[in-house]
Amino acid sequence: MNTKLEGKVALVTGGTSGIGLASAQEFAAQGARVFVTGRRQQELDAAVEAIGHGAAGIRGDVAKLDDLDRVYAEIREQAGHLDILFANAGGGDMKPLGEIDEEHFDRIFGSNVRGLVFTVQKALPLLREDSSVILTGSTVQDTGTASFSIYSASKAAVRNLARSWALDLAPRRIRVNVLSPGPVLTPGLTGLAPAGQEEGLLAYLATQVPIGRLGKPEEIAKVAAFLASSDSSFMNGSAVYADGGAAQV
Ligand SMILES: NC(=O)c1ccc[n+]([C@@H]2O[C@H](COP(=O)([O-])OP(=O)(O)OC[C@H]3O[C@@H](n4cnc5c(N)ncnc54)[C@H](OP(=O)(O)O)[C@@H]3O)[C@@H](O)[C@H]2O)c1
C-alpha cells in the first residue's frame with residue numbers, strides 16, 4: 001500500500017467531480033486527511049461518501065471570498081493546518097471572438113483566475129513549511145483553440161502565477177506547481193459539447209491525442225499525488241503535463 005501522504009492534511013477545491021474527485025480519492029488512499037469543496041451540496045455529500053477515509057466536505061464557491069473565508073475557518077477548526085492545497089475548481093465553455101460577453105469573461109476568470117488567486121492567498125496562514133500547492137492548468141495554457149480563448153487565457157494566467165508564487169513562497173519552502181491535463185473524460189469536458197453532440201466531440205478530441213484516447217481522471221490523480229508528495233521535492237514553478245502527448249507533438 002502506498003502511504004506517501006500519511007499524516008498530511010489536504011484541500012482539493014472542486015473535489016466533487018472529475019479530476020478533483022479522483023485526486024481526493026487518491027490522496028485519501030495514500031493516507032491524507034482530505035477536505036473537498038464544491039458549490040452543489042448533493043454532489044459534495046456523494047463525494048465525501050465516495051472518498052471515505054474520514055474525508056470532509058465544505059460547500060463553497062471559489063469565486064466568493066466569503067465562502068473561501070468560511071472554508072478555511074472550518075479547516076482551521078477541524079485540522080489546524082494544511083500540507084497540500086490542490087486549487088483545482090474551475091471550468092469554462094466556448095464562445096468565439098465576437099460573441100464574448102461580460103458574463104462569459106467574468107464567470108471564467110472569476111473562478112479560474114480570481115478564485116484561484118484568493119484560494120491560494122487565503123490558505124497561506126494554514127499552510128505549513130514544505131507544503132505543496134498544485135494549480136490545475138490545461139494544455140490550452142500554451143496553445144490556441146478556436147472559440148476557447150477566454151478559458152485558454154485563464155489557464156495561461158494560472159501557469160504564470162505559479163512562476164511568481166514559487167518566488168513569493170520560497171522563504172517558507174512552499175512549492176507551487178501546475179498540473180496541466182490534456183482532454184480527460186469528466187463531466188466538465190462532456191459539458192463543452194452542445195446537447196446531443198457529446199460523443200462526436202469526445203471522439204474528435206481522442207484523435208488529437210497521440211496515445212489515441214482521452215485521459216481518465218485517475219491518471220491525472222496519480223500525477224497530482226506525485227506533486228503533493230515529497231517525491232516531487234525538487235519541483236517548483238513547473239508545469240507538469242498529463243496529456244497523452246496532446247500538446248507535446
Ligand atoms: N477535463 C478536462 O479535459 C480538463 C483538461 C484540462 C484542465 N481541466 C481543468 O481541470 C479542473 C477540473 O475539471 P474537470 O474536468 O474535473 O471538471 P468537472 O468534472 O466539471 O469538475 C469541476 C469541479 O469543480 C467544481 N467547481 C467548478 N466551479 C467551481 C467554483 N466556482 N467554486 C467551487 N467549485 C467549483 C465543481 O463542483 P460544483 O459545480 O458543484 O461547484 C466540480 O467539483 C478544472 O480547473 C478544469 O479547467 C480539465
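Both backbone and side-chain heavy atoms feed into the values below; hydrogens, waters and symmetry mates do not. Ligands are counted one by one from 1 in listed order, and the atoms in each one are counted from 1 as well. Residue indices begin at 1 and follow the sequence shown. This one's a predicted model, so the numbers in the text were calculated from it and none came from an experiment.
Among pairs with a residue in residues 192-202, none fulfils side-chain hydrogen bond (donor to acceptor under 3.5 Å, both in side chains), at least two apart in sequence or across chains. Applying the side-chain hydrogen bond (donor to acceptor under 3.5 Å, both in side chains) definition to pairs two or more places apart or across chains, those involving residues 150-166 are Asn112-Ser154. Sorted by first then second residue, the side-chain hydrogen bond (donor to acceptor under 3.5 Å, both in side chains) pairs that include residues 136-148, not counting sequence neighbours, are Asn88-Thr136, Gln141-Ser180, Gln141-Tyr241, Asp142-Tyr241.
For the pair Leu126 and Tyr72, the minimum side-chain heavy-atom distance is below 4.5 Å.
Annotation: ligand 1 has protein neighbours Gly14, Gly15, Thr16, Ser17, Gly18, Ile19, Gly38, Arg39, Arg40, Gly60, Asp61, Val62, Asn88, Ala89, Gly90, Gly91, Ser111, Thr136, Gly137, Ser138, Tyr151, Lys155, Pro181, Gly182, Pro183, Val184, Thr186, Pro187, Gly188, Leu189, each with a heavy atom less than 4.0 angstrom from the ligand.
Of the possible polar contacts, one joining the Ser232 side chain to the Ser229 backbone as a donor-acceptor pair under 3.5 Å is found. At distances below 3.5 Å, at least one donor-acceptor pair connects side-chain atoms of Thr186 with backbone N or O atoms of Gly188.
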